[in-house]
Amino acid sequence: PRRYAYDRGCRRAELLAIKDNEAQEKVLRRHYRRLGFREVREVTDDIFCIPDRLLWGGIGMLMEADVEECMGKHTVEVRSLIKDD
């Protein structure tokens with residue numbers, strides 16, 4: 001159950017480092033890079049980014065990661081976070 005998407009072939013994760021302000025986006029980008037995400041492209045207020053803004057709910061840096069690589073690097077860390085909750 002915890003690997004639902006992965007077990008059905010999902011091998012790429014995407015997220016948006018939301019840009020509510022410059023400092024927050026900088027922190028999020030650094031954190032997500034540490035987790036293995038790479039920057040794909042900027043989602044801006046431009047008319048061409050409307051579909052992305054509708055999907056993600058804001059502007060910022062679209063990032064993606066290889067799921068297998070992230071699972072290999074961070075499974076222990078994530079499990080310890082889940083135990084703490």
Side-chain angles (χ1 to χ4, degrees):
R2 290 184 178 175
R3 293 178 12 158
Y4 182 85
Y6 178 80
D7 290 340
R8 282 156 184 77
C10 180
R11 297 297 182 260
R12 185 173 56 112
E14 291 183 325
L15 54 74
L16 184 72
I18 197 82
K19 188 176 185 177
D20 289 336
N21 62 61
E22 296 287 335
Q24 176 198 28
E25 183 194 25
K26 185 177 179 180
V27 169
L28 288 173
R29 287 165 77 167
R30 185 175 58 237
H31 176 68
Y32 295 147
R33 280 193 302 267
R34 185 184 72 77
L35 292 174
F37 283 81
R38 69 174 184 83
E39 297 177 355
V40 176
R41 65 184 157 78
E42 191 86 27
V43 176
T44 66
D45 283 328
D46 188 271
I47 192 167
F48 298 107
C49 292
I50 289 175
D52 287 317
R53 289 185 6 234
L54 288 171
L55 177 68
W56 295 105
I59 63 170
M61 179 60 68
L62 182 61
M63 303 180 79
E64 71 176 15
D66 178 88
V67 172
E68 290 180 348
E69 184 179 313
C70 282
M71 285 173 38
K73 280 184 177 177
H74 302 290
T75 297
V76 172
E77 179 182 359
V78 170
R79 284 186 179 156
S80 72
L81 292 171
I82 292 170
K83 284 181 187 178
D84 292 343
D85 285 347

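Because the structure is predicted, anything quoted here is derived from the model rather than measured. Along the sequence shown, residues are numbered consecutively beginning with 1.
By the criterion of side-chain heavy atoms lying less than 4.5 angstrom apart, applied directly or through intervening Ile, Leu, Val, Met, Phe, Trp or Tyr residues, Ile50 is not grouped with Val43; the two fall into different hydrophobic clusters. Hydrophobic cluster membership is shared by Ile47 and Leu54, with clusters built from Ile, Leu, Val, Met, Phe, Trp and Tyr side chains linked at under 4.5 angstrom.
Arg34 places no side-chain N or O within donor-acceptor distance of the main-chain N or O of Arg30, the cut-off being under 3.5 Å.
Taking 4.5 Å as the limit, every side-chain heavy atom of Val40 sits out of range of all side-chain heavy atoms of Glu14.
To the nearest 0.5 angstrom, Glu39 atom CD is 5.0 Å from Arg33 atom CZ. One finds the CG atom of Leu16 at 9.0 Å from the CD1 atom of Ile59 (value rounded to the nearest 0.5 Å). Here Tyr4 contributes atom OH and Cys10 contributes atom SG; the two are 11.5 Å apart, rounded to the nearest 0.5 Å. Atom OH of Tyr32 sits about 5.5 Å away from atom CG of Leu15, to the nearest 0.5 Å.
Glu42 and Arg29 make their closest contact through OE1-NH1, 4.3 Å (heavy atoms, listed as atom of the first residue, atom of the second, distance). Minimum interatomic distance between Ala17 and Met63 (heavy atoms only, all atoms of both residues): CB-SD, 4.1 Å. Closest approach of Ala65 and Gly36 over heavy atoms only: CB-O, 3.6 Å. Of all heavy-atom pairs between Thr44 and Cys49, the closest is O-CB, 3.3 Å.
Side-chain heavy-atom separations under 4.5 angstrom define the hydrophobic clusters, and the remaining members of the one that includes Tyr6 are Val67, Met71.
Sorted by first and then second residue, the pairs that involve residues 53-72 and meet salt bridge (charged side-chain N to carboxylate O under 4.0 Å, His left out), not counting sequence neighbours, are Arg11-Glu68, Arg12-Glu64, Arg38-Glu64, Glu69-Lys73.
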